[in-house]
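Below: one structure, written as structure tokens.
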Amino acid sequence: MFSLSELAPLNQHQSQSKLLKPWWEVFMDYLVVLMLMTSVLACTEQLSRDRVVCVASDPPVTANTSHRNLNVAPTPSSKPPTDIPLNISPNLQPTARGRRTHLVYQQYVYISQVCYHEALPLCSRFFPYMALLQSLVLVASGSFWLHFPHTSSRIEQFLAILAKCCESPWTSQALSNAARQENIQERKDEERRPHQFLPSSYSSSPSVTRTRRSSIDSGTDSPLLKRSDSASFATPPSPCPSTVSCNSTVSSVSLDSRVHLPSSKPSVLADSPRQVISLDKSDGEQARALFERVRKFRSHCESSSVIYKVYLAQTIFKLLMGTLIVSYTIPLLSSFSFSHTCHPEEQLLVGYATFECIHVLSSLLRKLLVAYLTLLGLYGLLNFYTLCWILHSSLRQYSFHSLKDLCSLRDVPDLRNDLAFLIHMLDQYDPLLAQRLSVFLSPVSESRLLEESLERRWGEEKLHAMTAVDADGCSRLQLVALPRLPPALFTLSQLQVLKLELITDARFTAQVANMTSLRELHLYHCTAAVDPSALAVLQERLEVLHLTFTHASEIPSWVFSLRSLHELHLSGRLSSEGGVGRSWALGSLRQLRHLRVLVIRGMLQRIPGELYEVAGSLVRLEVYNEGTRLLVLTGLKRVVDLTELHLQDCQLERLPSALLALTNLHTLNLQHNNLRTLEELLSLAHLRRLSCLRLAYNRVLALPASVGVLRGLELLDLSNNQLQSLPPALFTLRCLRRLLLAGNLLEELPADVKALKLLSELDLSGNRLESLPAELFSNCLELRTLNVAHNSLSVLPRGIAALSQLCRLDLRSNSLEELPAELGCCSGLPGGGLLVENWLFLSLPPHVRDFLSHSCAPTGAYSESHSRPESDSFPYFSPTQWSFFSALESQI
């Protein structure tokens, strides 16, 4: 047994399938039902009353008959033949009236059955069954396209989406907004008309409004809306505005209340504020999910036209089927006769050779056949009309022409293939349903939904709470993975730095003028669009721009028109064949008149020649090439005003000759390359302003004596190379303040280091030093940072007490057995400036340990000091970090 609730989905599916049946399909369904009822009636009559009644005719006189009559044995009850009247001549034909046939009832039954099969034509016997079979075939073929496996899944999904679209509160709100905007536009058009036409236009405007809104809010007779409407009337009114019934009721009531305003006061309707129905969080999420579902279903249905082909094949089949049935059924009308002559071959059993038979149901079957053919003719005409409609109409293309008049729904795209065909079929039932579906096909409608969602979720208060202040005192805000920019963002007048990451549809509107403090913008994989009015604001205010992209084609063209830009950071896949060269040829740097810093993180093969357009203002150029070899550097010769040049990870093997033209260069950074020799250092002698040279992370084997020509050097970084010794010319650089030699193969430090009297930082970590010269401590009195970690030092000279400016000293991972007590004379070491193993620190005298730890927490003498200078080679570790290192090294 099954319950009635199990039949509800089937009934609901059948009612929803009616939405895709036009009037001729419904009419044909009724015709098929009538044909089926006609055939069933004929079958019922034939099974219950169909029979043939036969009466024997006078048989001809033959020898065989007289002989047979003579040989019949007399019976006691039979009369003698002498009883036959003698006055009747045997040659005269007797009349049939009152004639006795000498047949019993069983013989009549027998002969009736025989004559039913021999004398009655086939159409009289099998027409009801043939009509029933034909009707069943027509019933099956009438809805075949709705149940075919390749089409039923799409149709069911389409009907489910349509039901969701009709029930969604966003549908009513979007259509109401569209109608309201159309009314406003019409009133504006009426105001532009001559003054004499104003009374008639105003008198007609309420009727127009009433008609349009009633047409938009109608469609409640649809099977998709019966369930929701009945539910809304059956349940008590809920105070929550998020329910579908409440939203639908409120929208209809608000519209009706506006429509029925008196026509004598049109200004009230025009000036009254719009009652906005705000969706709650759940309704908004459901609407966004429905937009995504419609988008996926559209891409799936528009890829093929299976439903259209199946429906066309079904129509052709029904037309051919009806034509075939009519062609062989019409000739059968003449075969239906009331009387029939039967000549059975059973003369020995009944004694008669001819019988006159009548068919009882012949007249009824003939009338049923005429009715059946009439219905079949109408059925064929409707199929012919359907076929003409299919061939004449472009059913695989659909355009929402009726919605083009609505201001907010003009962007509904044209549909094709199966989805277009389904919309055409839906239009034949009710065009208003297509309007409700178009709400979720409109990009503008989706944009408005996202804007409303963003306004609700990303309000001004939340954005203020997310704003942070960095170390420089600048207010920063970072937004990640949003569909678009929240409108409340443009109200942050104090925001200085804005970071946008993975925002699919970022657009700067004219409201960006409210962000008066905005100076820096970061766009991480975010192709932002800028309105013309917003571009004028950004051109005046924006100073720093960071762009991170995948391909150079993603760089917005408006970037190269920011005339107030000072810094431009480009990070992405750039190459001379199809990247910066081609992209910048389309977007010249000529308008960036104030550009001072250009940072490129990509894969360049040449320095772009477009740099000469900003040669007058560019002072710093940084290229991080991500391991791609930079082949052509001639473009540097045109940027003669550069003061800082960074060429990192460019696979350079020698110092570029183009550096000779950069006479104003202060800083040269060639880290992370493949430099093996520095013989070209001599050519840098005329770079008299060069004060910082960074050559770390290369493969330099030896430092040439020509390094001595760089008299103005203050920082020399040769870390992580393969140096085994240092030339004496290095120590002739009297202005050198920072010397970084970490990660090399040095075994000793020459005593000539005493000549570097201005040296404030020395990094020798990661070498093979076994001792330090005493001259280092007696002459380099300005030394503030000394890093000799990860060497082989066995003793530390006692002259370290002379370094009164020393603030950081790293002695970890050496072979020291004790520390000199003179460390207590270094007044800058207390507060975490000494990095050494814990057990080695305990070898100091107690008063020295107390002195070095007096400004620290009770747990140790290694607390953090915020007043110490920063160092590139001397990392600061908290006490917990290097105490852990010390304990681990002690165990080793």
Side-chain angles (χ1 to χ4, degrees), residues 485 497-501 503-510 512-513 515 518-625 630 632-642 644-646:
L485 298 180
V497 181
L498 177 60
K499 296 182 179 181
L500 304 178
E501 183 174 356
I503 297 181
T504 56
D505 187 15
R507 175 174 291 275
F508 290 92
T509 61
V512 75
M515 307 176 71
L518 184 63
R519 296 294 181 270
E520 184 174 344
L521 178 62
H522 297 247
L523 299 177
Y524 297 98
H525 299 283
C526 176
T527 305
V530 178
D531 293 342
S533 55
L535 180 59
V537 177
L538 295 179
Q539 288 176 345
E540 295 178 0
R541 300 178 182 175
L542 203 60
E543 298 178 356
V544 182
L545 178 62
H546 293 253
L547 288 178
T548 302
F549 47 87
T550 305
H551 300 283
S553 59
E554 300 176 6
I555 301 178
S557 58
W558 54 267
V559 170
F560 306 106
S561 64
L562 301 176
R563 52 178 178 268
S564 300
L565 199 64
H566 292 171
E567 295 185 22
L568 178 59
H569 299 253
L570 300 176
S571 178
R573 185 177 181 85
L574 297 172
S575 60
S576 58
E577 293 85 4
V580 171
R582 184 178 65 179
S583 179
W584 283 5
L586 299 176
S588 175
L589 299 177
R590 189 174 293 107
Q591 299 185 33
L592 305 180
R593 297 187 298 268
H594 301 285
L595 188 64
R596 300 179 58 85
V597 178
L598 178 60
V599 181
I600 301 175
R601 297 179 181 271
M603 293 183 287
L604 296 176
Q605 294 185 359
R606 67 176 181 89
I607 298 295
E610 288 80 3
L611 292 180
Y612 79 92
E613 299 175 345
V614 292
S617 60
L618 195 65
V619 296
R620 187 173 76 187
L621 175 63
E622 299 182 13
V623 178
Y624 303 90
N625 220 31
L630 191 61
V632 182
L633 291 89
T634 56
L636 294 175
K637 297 181 179 180
R638 299 185 177 184
V639 197
V640 294
D641 292 334
L642 276 183
E644 294 186 31
L645 177 61
H646 300 256

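Computed from a prediction, not measured in an experiment: that's the story for all the values here.
Residues Ile607 and Leu630 share a closest heavy-atom pair of CD1-CD2, 3.8 Å. Across all non-hydrogen atoms, the minimal contact from Val530 to Leu535 is CG1-N, 3.3 Å. Minimum interatomic distance between Arg638 and Ala615 (heavy atoms only, all atoms of both residues): O-CB, 3.3 Å. Shown here for Val632 and Thr634, the closest heavy-atom pair between the two residues is CG1-OG1, 3.4 Å. The minimum heavy-atom distance linking Ala534 with Ala510 is given by the pair CB-N, 4.2 Å. The two atoms that bring Val639 and Leu618 nearest to each other are CG1-CD2, 4.0 Å, heavy atoms only.
The main-chain N or O of Arg596 is never found under 3.5 Å from a side-chain atom of Ser617 such that the two would form a donor-acceptor pair. At distances below 3.5 Å, not a single donor-acceptor pair connects side-chain atoms of Asp641 with backbone N or O atoms of Val619. Within the 3.5 Å criterion, the main-chain N or O of Ala513 finds a donor-acceptor partner in the side chain of Arg541.
One finds the CG atom of Leu611 at 7.5 Å from the CG atom of Leu636 (value rounded to the nearest 0.5 Å). How far CG of Leu500 is from SG of Cys526: 5.0 Å, rounded to the nearest 0.5 Å. In this structure, CG in Leu485 is found 7.5 Å from CG in Leu498, a value given to the nearest 0.5 Å. Taking NE2 of His594 as the start and CD of Glu543 as the end, the distance is 10.5 Å to the nearest 0.5 Å. Interatomic distance, CD1 of Ile600 versus CG of Leu568, reported as 8.0 Å (0.5 Å rounding). For the atom pair CG of Leu523 and CD of Glu501, the computed distance is 11.0 Å after rounding to the nearest 0.5 Å.
Within a 6.0 Å radius of CZ in Arg519, more than 12 heavy atoms belonging to other residues, nucleotides or ligands are found.
Applying the ring-ring contact (aromatic ring centres under 6.0 Å, His included) definition to pairs two or more places apart or across chains, those involving residues 526-559 are His522-His546, His546-His569.
Salt bridge annotation for Arg620-Glu622: present, with a cationic side-chain nitrogen under 4.0 angstrom from a carboxylate oxygen.
Inter-residue side-chain proximity for Leu521 and Phe508 is flagged as met; some heavy-atom pair is nearer than 4.5 Å.
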Test log, rule side-chain contact (heavy atoms from CB on, under 4.5 Å), inputs Leu538 and Leu562: CA-CA 7 Å; Leu538 295 179; Leu562 301 176; 4.1 Å; yes

Leu604/Tyr624 under side-chain contact (heavy atoms from CB on, under 4.5 Å): CA gap, chis, key distance, verdict: CA-CA 9 Å; Leu604 296 176; Tyr624 303 90; over 6 Å; no

Verdict with supporting geometry, Leu542 and Val544, side-chain contact (heavy atoms from CB on, under 4.5 Å): CA-CA 6 Å; Leu542 203 60; Val544 182; over 6 Å; no

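The salt bridge (charged side-chain N to carboxylate O under 4.0 Å, His left out) test applied to Arg590 returns Glu613, not counting sequence neighbours.
Defined by atom type and a distance below 3.5 Å, a donor-acceptor pair is present between the side-chain atoms of Arg563 and Gln539.
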